[in-house]
There are 2 protein chains.
Amino acid sequence: MLNDPMVLAPVTEAIRVEPEKRIRDRSATEKAILKAAKSLLAEEGFQNFGINAVARRAGCDKQLIYRYYGGLNGLVEAIGADLGNWVRDRIPEDTGGMFLLTYGDLMERLSLLFLEALRDDPLVRRIVAWEVSESTEQVRRLSEARSKALANWLDRMRGSLTPPKGVDVVAVNAILIAAIQHLVLSASAGGQCAGLALKTSKDWEKAATALKRIVRGVYG
Amino acid sequence: MLNDPMVLAPVTEAIRVEPEKRIRDRSATEKAILKAAKSLLAEEGFQNFGINAVARRAGCDKQLIYRYYGGLNGLVEAIGADLGNWVRDRIPEDTGGMFLLTYGDLMERLSLLFLEALRDDPLVRRIVAWEVSESTEQVRRLSEARSKALANWLDRMRGSLTPPKGVDVVAVNAILIAAIQHLVLSASAGGQCAGLALKTSKDWEKAATALKRIVRGVYG
DNA sequence: CCATCGTGTCGCCGAACGGTGACGTCAGTT
DNA sequence: AACTGACGTCACCGTTCGGCGACACGATGG
């Protein structure tokens, strides 16, 4: 009954009235797909991230995603490729006119820069949430690209400053980064973290002050 | 989401509880459902947490979940009710034979206790990941119950110790908790966090040492 | 001219989802 | 014994999902 061709025939003809052609431009379509995927992930989160949703948002057929990116896998990989540039694009490289004399000066500044950059970037926030929620190879690659870019940035900014002796810098910095990431994610999801409100700019000032104190406590 | 055809095949769901005929015992069924829900959430994560999956694991019909819990909402609420007891059940109240003379002593110990408790509890880990990934009223209630229980615990353990003056204890502690949570989540998902490996017990010792140093840095 | 190939579109499939109405079946009450 | 109501089960609905085969169209080049 559903497959009765008699019913389908007139329908196709009626739709044909509006030509409304999509221009044949592969690279443009590819960009549209990638842009749609990024905005979808940023706005809806990884939960509702799928072939159908991306295709809908890109205004194209999902088949093209398979053809051009090899499915969601390749698409995510393409997103991950941009992650390497994230730090460079979103975080200023200069010192903001400050003289960073000690490693503590540096890490205090970098912590706040990272905090603000993350607060301003919904896409990366979603990706970080994804990283701690799923354990697929897919996500692991994303995570790796991001942490590598982050490590590079840290290293580049360090310059000739030497960290204090006797401190496991990698471990301490990892904990600081973890704190910042979770703080921002919690705030983004629920407006608070462990009883600390994180909505108004006043709230964030308090958080930033506490973060500075922690960094200074460990790095002087 | 992101289904590889490879991983599609071995989707073996939990086996039914018993071939034996189901007894007419509402309270027993309710408990079975709640237990199934908790284990499902702990093992599979919130992504695959749904009416059908819970019913399958509980070995009962999903209709009963609607009848007894009013759907997933009520079921999650029931899970959340247990969260209030989590801290009490999972974290020792005594000081482990140590004398906690200062607030720094206290927070160092509490930080490590919390870290270990979280590492040992997959259910709460999944819930924390849920909290930072979704922003529904549902999850918000879970989050609130958890943070309230945590605050109570902190307060109870504090005893008569007074935190140092001039420090925003709430903010600093929130950041410490955030760091611990993210560290554990990252480790659980990818075995590392910001370039810091978190697999072997040796890795965790390094993390614990760094955490202690941070706590001591801010609280003396 | 026709043949080929890249591009875009369409419709269908099997599966899983959340949700609901209807139907057995058994226990306690009247 | 008959009724009632709670407990458990089943089948079905509409929707969405990922994935695939087939086709329409336009450009390109023999």
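Keep in mind it's a predicted model, so treat the numbers as computed, not measured. Order of the sequence lines sets the chain letters (A, B, ...), proteins ahead of strands, with each chain counted from 1.
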Does some side-chain heavy atom of A/R67 sit less than 4.5 Å from a side-chain heavy atom of A/L64? yes
Find the distance A/K31:NZ to C/dT7:C1' and express it as a whole number of Å. 17 Å
On the ring face of B/W204, is B/R119 found with NZ or CZ under 6.0 Å from the centre and within 45° of the axis? yes
Looking only at side-chain atoms of A/R24, point me to the closest of D/dC25, D/dC17, D/dT9. D/dC25
With a 4.0 Å limit, can you tell me whether B/Y68 has a side-chain N or O closer than that to the phosphate oxygens OP1/OP2 of D/dA6? no
Answer yes or no: does a side-chain N or O of B/Y66 lie under 4.0 Å from OP1 or OP2 of C/dG19? yes
Ring-plane angle category for B/F49 and B/W130, please: parallel below 30°, perpendicular beyond 60°, tilted otherwise. perpendicular
In whole Å, I'd like the distance from the CD1 atom of A/I65 to the P atom of C/dT7. 16 Å
Between C/dC10, D/dC10, D/dC17, spot the one nearest the side chain of A/N52, thanks. D/dC17
Between P of C/dA16 and CG of B/N48, the distance in whole Å: 12 Å
Phosphate oxygens OP1/OP2 of C/dT7: is one of them under 4.0 Å from a side-chain N or O of A/T29? no
Report the distance from atom CZ of A/R26 to atom P of C/dG8, rounded to the nearest whole Å. 9 Å
Please state how far atom OH in A/Y69 lies from atom P in D/dG18, giving the value in whole angstrom units. 17 Å
Find the distance A/D61:CG to D/dC25:P and express it as a whole number of Å. 16 Å
Nucleotide of D/dT9, C/dG8, D/dG21 approaching B/Q63 most closely (side-chain heavy atoms): D/dT9
Indicate yes or no: at least one non-hydrogen side-chain atom of A/K38 is less than 4.5 angstrom from one of A/E43. no
Rounded to whole Å, the CD-P distance (A/Q47 to C/dG18) equals 13 Å
Under-4.0 Å side-chain N/O to phosphate OP1/OP2 contact, B/R56 with C/dC17: yes
Walking DNA chain C from its 5' end, the first of B/R67 and B/G71 to be reached, judged by nearest nucleotide, is B/G71
Between C/dG18, C/dG21, D/dC20, which one does the side chain of B/K62 approach most closely? C/dG18
Tell me the interatomic distance from B/N73, atom CG, to C/dG18, atom P, rounded to whole angstroms. 12 Å
Look at all strands and tell whether B/I51 reaches a base, only sugar-phosphate, or nothing, counting heavy atoms closer than 4.0 Å. sugar-phosphate
From CG (A/L110) to CD1 (A/I180), nearest 0.5 Å: 9.0 Å
